[in-house]
Amino acid sequence: MSAKFDSQLQNLKIELTETQKQQFDKYYELLVEWNKVMNLTGITEYEEVNEKPLKIAFPHLKVVLLDSLNKRIKFLNAVIEELGLENVETLHGRAEDYARKEEYREQFDLCVSRAVANLSTLSEYCLPYVKKGGMFVPYKSGNIDEELKQSEKAIQILGGKLTDTVKFELPGTEIGRSFVKIKKVKNTGKKFPRKAGLPSKEPIC
């Protein structure tokens, strides 16, 4: 583990066991190894990779990972096995489909997402998974103000309420990012999410 990453952990008041430190290093090795043949990600710097794995830092979390690309699910399954992680479930499929399944719909305290779509579309993908009183926290760019205005109606229709936006710069850079905090205040209507493809083609507005 590098001194820089260790310093970042101290700033966040996160203490890791020796086992967790070894898991971070093993995760990095696996990512670099699989990335050579699968092109999983453009993020290959040690510190950048380590900034991402929440489950290693907080092993008590019960996590479900959903991805439409099977190669990423295969990689995640390998990581789970190699690192001996528990309470992690992986799902291969589309968010629109799994959100209609009773065992996943409105079952989660927290849903997070990568910046894969505009906020209206992301909210339709993710809010159906969040239980009333829970949170949806998408990871977005720093320049988010206009997108927030455009998605306000969609968030409300889907049962959410925008509570806060945390803006920050990625460590050691001037690159702006945001965590948008959306609270689930009422159940999502049964017609959402719409069938696969529609949330991205025709966002709620």
Side-chain angles (χ1 to χ4, degrees), residues 20 22-131 134-141 158 177 179-180 182 188 190-204:
Q20 286 171 299
Q22 289 168 14
Q23 286 176 324
F24 268 105
D25 288 340
K26 183 65 177 175
Y27 174 72
Y28 176 73
E29 290 169 12
L30 284 168
L31 180 65
V32 171
E33 182 184 327
W34 280 63
N35 207 44
K36 287 176 184 174
V37 292
M38 276 199 180
N39 190 27
L40 292 162
T41 178
I43 299 170
T44 54
E45 292 298 318
Y46 181 80
E47 275 82 16
E48 281 190 90
V49 169
N50 283 350
E51 283 167 6
K52 306 297 186 287
L54 278 174
K55 177 62 181 177
I56 297 174
F58 303 102
H60 64 282
L61 295 177
K62 188 175 180 181
V63 176
V64 176
L65 304 169
L66 170 65
D67 204 296
S68 60
L69 270 185
N70 199 37
K71 69 176 182 179
R72 285 200 284 254
I73 293 296
K74 284 183 177 179
F75 167 68
L76 291 168
N77 286 335
V79 168
I80 290 162
E81 186 176 348
E82 289 276 343
L83 273 56
L85 300 177
E86 297 178 348
N87 287 321
V88 188
E89 180 183 2
T90 59
L91 300 175
H92 172 229
R94 297 185 69 114
E96 302 99 313
D97 297 329
Y98 274 99
R100 293 199 164 276
K101 296 180 183 286
E102 192 177 337
E103 62 267 41
Y104 299 108
R105 189 176 182 88
E106 298 187 326
Q107 296 297 311
F108 296 88
D109 298 306
L110 174 66
C111 182
V112 296
S113 70
R114 296 179 296 122
V116 294
N118 70 56
L119 193 50
S120 295
T121 301
L122 278 178
S123 296
E124 188 170 352
Y125 287 154
C126 296
L127 275 170
Y129 289 96
V130 182
K131 64 174 67 169
M135 297 290 294
F136 166 44
V137 184
Y139 177 61
K140 300 292 290 181
S141 72
L158 293 159
R177 291 288 183 267
F179 287 132
V180 181
I182 299 169
T188 303
K190 289 186 177 179
K191 74 173 185 176
F192 299 110
R194 291 165 293 165
K195 65 181 182 180
L198 269 183
S200 57
K201 287 177 186 169
E202 300 174 18
I204 302 167

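A distance-only check finds a donor-acceptor pair linking the side chain of Arg100 to the backbone of Pro193 [under 3.5 Å]. Proximity of a side-chain donor or acceptor of Lys71 to a complementary backbone N or O of Met38 within less than 3.5 Å is detected. Not one N or O on the side chain of Lys26 forms a donor-acceptor pair closer than 3.5 Å with the backbone of Val79. Between the side chain of Glu96 and the main chain of Lys195, no donor-acceptor pair closer than 3.5 Å is present.
Every side-chain contact (heavy atoms from CB on, under 4.5 Å) that Glu106 has, sequence neighbours left out, goes to Lys184, Asn187, Thr188. With sequence neighbours excluded, no residue forms a salt bridge (charged side-chain N to carboxylate O under 4.0 Å, His left out) with Lys74. Shown here are the ring pair (Phe, Tyr, Trp, His ring centres under 6.0 Å) partners of Phe192, two or more places apart in sequence or in another chain: there are none. Tyr28 is linked by a ring pair (Phe, Tyr, Trp, His ring centres under 6.0 Å) to Tyr46, counting only residues two or more places apart in sequence or in another chain. Shown here are the salt bridge (charged side-chain N to carboxylate O under 4.0 Å, His left out) partners of Glu89, two or more places apart in sequence or in another chain: there are none. Scored by the salt bridge (charged side-chain N to carboxylate O under 4.0 Å, His left out) test, Lys131 finds Asp109 as partners (sequence neighbours excluded). Partners of Arg105 according to the side-chain hydrogen bond (donor to acceptor under 3.5 Å, both in side chains) rule, which considers only residues two or more places apart in sequence or in another chain, do not exist here. With sequence neighbours excluded, no residue forms a side-chain contact (heavy atoms from CB on, under 4.5 Å) with Gln107. Residues that satisfy the ring pair (Phe, Tyr, Trp, His ring centres under 6.0 Å) test with Tyr27, not counting sequence neighbours, are absent from this structure. Listed by chain and residue number, Glu124 satisfy the salt bridge (charged side-chain N to carboxylate O under 4.0 Å, His left out) test with Arg194 (two or more places apart in sequence, or in another chain).
The minimum heavy-atom distance linking Pro199 with Tyr125 is given by the pair CB-CE2, 3.8 Å. Contact detail for Ala117 and Leu122: the closest heavy-atom pair is O-CD1, 3.5 Å. For Lys52 against Glu48, the heavy-atom pair with the smallest separation is NZ-O, 3.2 Å. Here the shortest heavy-atom pairing between Leu40 and Asn35 reads N-OD1, 2.5 Å. Between Ser123 and Leu158, the shortest heavy-atom contact is C-CD1, 3.6 Å. Between Thr41 and Ile43, the shortest heavy-atom contact is OG1-N, 2.9 Å.
With rounding to the nearest 0.5 Å, the separation of CD1 in Ile56 from CZ in Phe24 is 5.0 Å. Rounded to the nearest 0.5 angstrom, Asn77 CG and Glu82 CD are separated by 12.0 Å. Note that CG of Leu85 is 10.0 Å distant from CG of Leu76, once rounded to the nearest 0.5 Å. To the nearest 0.5 angstrom, Glu29 atom CD is 6.5 Å from Asp25 atom CG. Interatomic distance, OG of Ser120 versus CD of Glu202, reported as 13.0 Å (0.5 Å rounding). To the nearest 0.5 Å, atoms SG (Cys126) and CZ (Phe136) are separated by 4.0 Å.
Sorted by first then second residue, the ring-ring contact (aromatic ring centres under 6.0 Å, His included) pairs that include residues 71-108, not counting sequence neighbours, are Trp34-Phe75, Tyr98-Tyr104.
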Using distance only, find each side-chain donor-acceptor pair of residues 59-69 under 3.5 Å and give its atom names and separation, not counting sequence neighbours.
| residue | atom | partner | partner atom | Å |
| --- | --- | --- | --- | --- |
| Asp67 | OD1 | Leu69 | N | 2.8 |
| Asp67 | OD1 | Arg72 | NE | 3.2 |
| Asp67 | OD1 | Arg72 | NH2 | 3.2 |
| Asp67 | OD2 | Arg72 | NE | 2.7 |

